[in-house]
There are 2 protein chains.
Amino acid sequence: MGDEHTTPMKSVVTALDILETLQEQGTAGVSEIADASGRPKSTVHRHLDTFLECGYVVKEDTEYCIALKSLRLASSALSRQLVYPVTKSVVQELAAETGESAAIAVEENGRAVYLCYDRANQAVRTDARLGIQLCLHCTGAGKAIFAHMSEAERDAVIEQHGLPKKTDRTITDRDELEDELAEIRETGLSFDDEERVDGMRGIATPIQNRETGELLGALTVAGPTRRINGERFRTELPDLLRRASKMVEVNITYS
Amino acid sequence: MGDEHTTPMKSVVTALDILETLQEQGTAGVSEIADASGRPKSTVHRHLDTFLECGYVVKEDTEYCIALKSLRLASSALSRQLVYPVTKSVVQELAAETGESAAIAVEENGRAVYLCYDRANQAVRTDARLGIQLCLHCTGAGKAIFAHMSEAERDAVIEQHGLPKKTDRTITDRDELEDELAEIRETGLSFDDEERVDGMRGIATPIQNRETGELLGALTVAGPTRRINGERFRTELPDLLRRASKMVEVNITYS
DNA sequence: AACTGTGTTCCACGCTGCGGAATAGTCGTC
DNA sequence: GACGACTATTCCGCAGCGTGGAACACAGTT
């Protein structure tokens, strides 16, 4: 691992940095982005203008925002994900049935990326966002994915990202984590008991290619501890998820 | 219109160009992209490496492809679109009910961009892709959007993109187009009768903000002429779409 | 072993992006 | 209406950086 990169292109890096700042702000003017990104206005302006011309940014009056052209990139990235088309509808059903938030996550660069996300009306508005990248050690889906990586891969991930403490319950010890991952491999079930956000719990199951055993992603349901507890946390939702992921796995092999 | 831009940044433009070539190829190696984009391998390699480091591209062995991080951009762009959350489920229902392809489109830079797309199993695999940009004058959704623009805006669009002939039935005459747009405004219905692709028909309805009258997008169903004809083309599907878009409009005002 | 295809590294030249400062608008406010 | 405070733009000279040809390192084929 640990590939050495040639020095990246500064102008492109700043360009992307500016684009990301804009993305975080949602919609912003030149000065706003200049402040947030710590760069001179002239530079920001020039970059935004370039993006504008390339169609990656749109301008309304003097405010900029990310253009819909970015959907093309996303769509290209999604098309490589086998789980996506099959699981999309399952995620919706899960959200509807449970009344909570459901999602599907896959691994990228040692983190869990959420491909698709649905929440029932009454479900809490979490920080979940398409494409959001979360640590593998502190989410249900993350741990499910983690559990199915080789030891070398796990080493690399921990080397790169560490095991940052998000809440009091976050697992920050490697041995403790390994124990839990072993259990996840055995049971096919992964729990997040307020390990990333206080007051939030989650349950996840891996999705594998039935033939090769290759891990394709993880299915997850999450919600507030106040609603997710007792039998519901330990039995009901896990069973539901297990059925859902089995169904997905079958659909994947025959598609 | 016709804003003058300052000279765009060359390195960023080439960077984006390379990214787009990669996006078109889906997955490709350095040489492949170098050939397709007509740039020296060293340049391409360097750019890809930069994107890799920024997380916008992933590398498997020696093949590159667009990373899921791009979902973040897309998600940011989508979040500005009021129609999206409300219409997503309606598009699915439409696809299921009709057995064809359904989609929602909005205007960006004088073209129709498809936000969301669903097709029934038996529906033909069209070239539809999230984020694809199509001309306004030759698609159902496009014309629906076109019809609700101001004359000045329409002028600007035609100035910029013209009225390129896609099939024998494409409307290429401004006056003829204006007549049709007037009819669309009256009836609230827009037809695409093999005007973009031979053998493909579509029907679309505008989606407006009930209070301000502002156009938010267009809902559309499309499929092969062999299946979409007679009453189904002229009455059944239009009625279905009209009901669907009314529902969407109501949901938007109360959300 | 030679050839043809990859991907990757190197480096000197000169173009081009940088960012401070100047300009041009725009909106309030006294 | 003139000022101030805030935007977005434009300008331009210096040097830092991206460029791309050429060299290198592999891997697979003939």
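Throughout, protein chains are lettered first and strands after them, A, B, ... in sequence-line order, and every chain is numbered starting at 1.
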Exercise. So what does B:Thr43 hit on the nucleic acid, given a heavy-atom distance under 4.0 Å: a base, only sugar-phosphate, or nothing?
Worked result: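 Base contact.
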Problem set entry | Options D:dT9, C:dC18, D:dT19, nucleotide nearest the side-chain atoms of A:His45 |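 Among the listed nucleotides, the one closest to the side chain of A:His45 is D:dT9.
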For this session: Ignoring the backbone of B:Val30, work out which of D:dA8, C:dG7, D:dT19 is nearest its side chain.
Result: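 So the side chain of B:Val30 is nearest to C:dG7.
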I need the [atom1]-[atom2] distance between [X] and [N], as an integer number of Å.
X: A:Ile33; N: D:dA8; atom1: CD1; atom2: C1'; result: 12 Å
X: A:Asp61; N: D:dA8; atom1: CG; atom2: C1'; result: 11 Å
X: B:Glu32; N: C:dG7; atom1: CD; atom2: P; result: 8 Å
X: A:Met9; N: D:dG16; atom1: CE; atom2: C1'; result: 13 Å
X: A:Leu48; N: D:dT7; atom1: CG; atom2: P; result: 15 Å
X: A:Phe51; N: C:dG17; atom1: CZ; atom2: P; result: 13 Å
X: B:Arg46; N: C:dG7; atom1: CZ; atom2: C1'; result: 15 Å
X: A:Asp49; N: D:dT10; atom1: CG; atom2: P; result: 8 Å

For this session: Tell me, with the steps shown, if B:His47 and B:Thr14 meet side chain to side chain donor-acceptor pair (under 3.5 Å).
Result: CA-CA 8 Å; B:His47 276 283; B:Thr14 61; 3.2 Å; yes
For this session: Map A:Gly29 and A:Lys10 onto DNA chain D by nearest heavy atom, then report which one ends up closer to the 5' terminus.
Result: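 Whichever sits nearer the 5' end wins; that is A:Gly29.
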For this session: Return the 5'-most residue of the pair A:Asp35, A:Ser11 with respect to DNA chain D, ranking by each residue's nearest nucleotide.
Result: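 Going by which nucleotide is closer to the 5' end, it is A:Asp35.
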For this session: Give the intermediate values and the outcome of side chain to side chain contact (heavy atoms under 4.5 Å, CB included) for residues B:Val57 and B:Leu22.
Result: CA-CA 9 Å; B:Val57 142; B:Leu22 174 57; 3.6 Å; yes
Problem set entry | A:His47 side chain near C:dG17 phosphate (N/O to OP1/OP2, under 4.0 Å) |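 Answer no for this pair, as no side-chain N or O of A:His47 is under 4.0 Å from OP1 or OP2.
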Using only heavy-atom distances, decide whether a donor-acceptor pair under 3.5 angstrom links the side-chain of [X] to the base of [N].
X: B:Ser42; N: D:dG21; result: yes
X: B:Lys41; N: C:dG7; result: yes
X: B:Ser31; N: C:dG7; result: no

For this session: Answer yes or no: is there an ion pair linking A:Asp49 with A:Lys59, defined by an N-O contact shorter than 4.0 Å?
Result: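 Between A:Lys59 and A:Asp49 there is no salt bridge, as every charged N stays at least 4.0 Å from the carboxylate O atoms.
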Problem set entry | Rounded distance (nearest 0.5 Å) linking atom NZ of B:Lys69 with atom CD of A:Gln133 |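 B:Lys69 atom NZ to A:Gln133 atom CD measures 6.0 Å (nearest 0.5 Å).
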Exercise. For A:Lys165, does the NZ atom sit with more than 12 other heavy atoms under 6.0 Å from it, leaving out its own atoms?
Worked result: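 More than 12 within 6.0 Å, yes.
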